[in-house]
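These notes are about the structure you will find just below.
Each residue takes its place number in the sequence, starting with 1. Quick caveat, the model's predicted, so the values are computed rather than measured.
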Amino acid sequence: MGPMTEPDLFSTGAAGDLPDLRAKGLSPAYPAKAAWGTVKTLRAWQAAALAHYRETNPKDFLTVATPGAGKTSFALTLAADLLQRRVVQRIVVVAPTEHLKTQWADAAHRVGINIDPDFGVKQGRTSKAYDGFALTYAGVAMNPLALRIRIEQQSTLVILDEIHHAGDALSWGEAVREAFDPATRRLALTGTPFRSDTNPIPFVRYEPDGTGALRSKADFSYGYGEALADGIVRPVLFLSYSGDMHWRTRAGEEVAARLGTPLTRDLESQALRTALDPAGAWIPAVLSAADKRLTEVRRHVPDAGGLVIASDQEKARAYAKILYQYTHHRPTLVLSDEPGSSRKITTFSESDDRWMVAVRMVSEGVDVPRLAVGVYATTTLTPLFFAQAVGRFVRARAKGETASVFVPSVSRLLMYASELEAERDHVLKITGGVDNEEDLLVAEAQREEQASSELLEDGEFTALASEADFDKVVFDGGEFGLQAMAGSEEEQDYLGLPGLLEPDQVKDLLRRRQAEHLDRSASPSADERAAERAAAQATHQQLRELRKELNGLVGAWHHRTSQPHGVIHNELRSATGGPPTAAADATQLQERIDLIRQWAITRKS
């Protein structure tokens, strides 16, 4: 491409080196104010992505960038340049939620682009004051033909924010394709380039991956690992909590299981639902721990806020009441179907209030940069939703900020946490061929599992009791810590980590904490303290203490040998006899504790 006759908007120099933006019809503040959707200078990845776009001059461009990296700034910079060069005459933004439409309009206004967030597909002409409009994916599906006619009348750039939502329903994908097929340019954005189903995403290029599937191909990618290395996002500490759960099944059978131990998927799902029941002891203990963590973070970051993501509105209200009991301040409660939800989010973002409790509305795209502590208190266990939720906490504002997310000790969530830096693409299975019968069987199994989940969600069991124990910290793919009682000194060692630390400092401090706990658990004084506690406890308390001690030692042995927890438990049970840990008596549990300590002395591997 030859040299431009006008100053290039893609300058990566200081604010004073930017071209005359008034001549381009842009605000002179652009991009000098780092509000949502704007930055003072382009980040390296944004400049590289824009340069690649200019080189290839594509009709479709898919950008995959981790939440908090600055996708909006990138998109608006590109939009402003295309408008200035008369490549397009109008901008259309498609977003997942009503709140995000307003957020995009506000961000665009700061760079001199006027977007109508209240546009309706049935209305006539829009005001000449607007350079375009914003609508949701659901809004597109209402009348895609009317939108297509508008797109055909004027050269248009369509920005598809979080484009994976175009695959939420087959009708949505078809509507997006029909409405925007005539667009002059299409820019697709996502921070989570994968889905939990196989619905094709419109305007995304798929290529064979050599295994009989088609894999999405991004035009530019910028992952969490790269952003973390560049200091753009925060490192995330995942604090997981296990505990003993007790519930009654539909048939009237009472079941006891320990969250955080190997369980079938159905049992784990029911144990999780029991843990999240606000009438039990698990969720109040975890909310209390999260509030203590937020207090520590606010020593260094005074306006740091917390977010609880709940499964449904009833639980969200109950969690808000529990937090009020601990903090004596009413949390901001955001329920997506209530009027004024968008205003509540904005007010919370601009305040220094401690907590917000929401169901799903704040899980994706919504920008509240001061969120630093989160509680994942929902039964949704898909990698897509988990990544979206964690994305609310990673946006860095200052060097050394960390994020802390409290999660139940559920195997899938811990796997997602340990693989946070992994990049995933959307994969489509190719229909037909020799593997088609196997694919049908897999699909049938998935439908059965979905039906099982739906039965669980219908409330066909009763949560009876729950207890919370601190399990471990997952950070940078590693696990740190030993099981400890909620409220214990060991738990406080992790809740009290400083709020401002570099990633290497976080890992070093976690290693030191774990080493101290290992030494403490192996000391003779630990045995004496345990004996004193046992003498003063009721039987059920004593059994709970012994199970915690055993699980902590198994966790330590896992860190030493890398053997799975289940394998260690089975070997202990095989050597000492007796039932599984949940049904073992005090003598049997003590025998297993003594044996695993003997292993440590004799360095058994």
Side-chain angles (χ1 to χ4, degrees), residues 239-261 263-293 306 308-327 331 333 355 357-359 374-381 405-411 413-414 453 455-472 483-488 491 495 537-545 547-548 551 581-583:
L239 295 95
S240 73
Y241 279 71
S242 58
D244 296 324
M245 305 297 147
H246 188 199
W247 67 91
R248 183 182 296 114
T249 67
R250 177 184 180 185
E253 178 186 1
E254 293 193 6
V255 179
R258 184 169 180 82
L259 191 66
T261 58
L263 298 171
T264 65
R265 182 162 288 196
D266 277 351
L267 280 176
E268 189 173 59
S269 295
Q270 294 175 66
L272 175 59
R273 287 193 66 194
T274 303
L276 299 181
D277 180 14
W282 191 92
I283 194 70
V286 172
L287 291 176
S288 174
D291 188 63
K292 291 175 184 175
R293 177 64 185 152
V308 181
I309 301 175
S311 296
D312 55 56
Q313 295 186 10
E314 182 181 354
K315 288 187 175 62
R317 292 187 178 96
Y319 298 164
K321 290 180 180 178
I322 294 170
L323 281 171
Y324 176 72
Q325 293 171 1
Y326 289 130
T327 65
L333 183 61
W355 284 100
V357 182
V359 181
V375 179
Y376 194 89
T378 172
T379 53
T380 304
L381 301 179
V405 179
F406 289 71
V407 298
S409 291
V410 173
S411 55
L413 295 182
L414 296 179
S453 298
L455 285 175
L456 289 175
E457 292 301 325
D458 286 340
E460 294 184 345
F461 84 105
T462 303
L464 298 177
S466 63
E467 297 287 346
D469 296 319
F470 171 74
D471 193 7
K472 57 194 168 190
Q483 284 193 349
M485 289 184 63
S488 66
E491 179 197 38
L495 298 181
Q537 287 175 334
T539 300
H540 70 93
Q541 293 174 318
Q542 182 182 2
L543 290 175
R544 186 166 182 266
E545 285 283 339
R547 283 195 294 267
K548 288 178 184 175
N551 287 323
T581 300

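- Distance check: Arg317 CZ to Lys321 NZ gives 9.0 Å after rounding to the nearest 0.5 Å.
- Asp277 and Ala463 make their closest contact through OD2-CB, 3.3 Å (heavy atoms, listed as atom of the first residue, atom of the second, distance).
- The shortest distance between side-chain heavy atoms of Leu414 and Lys472 falls below 4.5 Å.
- Counting heavy atoms from C-beta on, the side chains of Leu259 and Pro408 come closer than 4.5 Å.
- Here the shortest heavy-atom pairing between Ala285 and Ala468 reads CB-CB, 3.6 Å.
- Every side-chain hydrogen bond (donor to acceptor under 3.5 Å, both in side chains) that Ser409 has, sequence neighbours left out, goes to Ser240, Asp471.
- The backbone N or O of Leu333 sits nowhere less than 3.5 Å from a side-chain atom of Trp355 that would complete a donor-acceptor pair.
- Contact detail for Glu254 and Leu464: the closest heavy-atom pair is CD-CD1, 3.8 Å.
- Proximity of a side-chain donor or acceptor of Tyr326 to a complementary backbone N or O of Pro284 within less than 3.5 Å is detected.
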Might you work through the side-chain contact (heavy atoms from CB on, under 4.5 Å) test for Val286 and Tyr319, ending with a clear yes or no?
CA-CA 11 Å; Val286 172; Tyr319 298 164; over 6 Å; no
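- When side chains are defined from C-beta on, Leu263 does not count as touching Gln270, because their heavy atoms never get closer than 4.5 Å.
- Atom-to-atom distance recorded for Asp291:CG and Arg293:CZ is 12.5 Å, nearest 0.5 angstrom.
- Among all heavy-atom pairs drawn from Trp282 and Met245, the shortest one is CD1-CE, 3.4 Å.
- Contact check for Thr274 versus His246: no side-chain heavy atoms found under the 4.5 Å cut-off.
- Using a 4.5 Å heavy-atom cutoff, the side chains of Trp247 and Ser466 are not in contact.
- Val410 and Leu272 get closest at one heavy-atom pair: CG2-CD1, 4.0 Å.
- Put simply, CZ on Arg265 and CG on Leu381 are 8.5 Å apart, with the number rounded to the nearest 0.5 Å.
- Contact check for Phe470 versus Tyr241: side-chain heavy atoms found under the 4.5 Å cut-off.
- Counting heavy atoms from C-beta on, the side chains of Ile309 and Thr380 never come closer than 4.5 Å.
- Across Ser311 and Leu276, no two heavy atoms sit closer than the pair OG-CD1, 4.1 Å.
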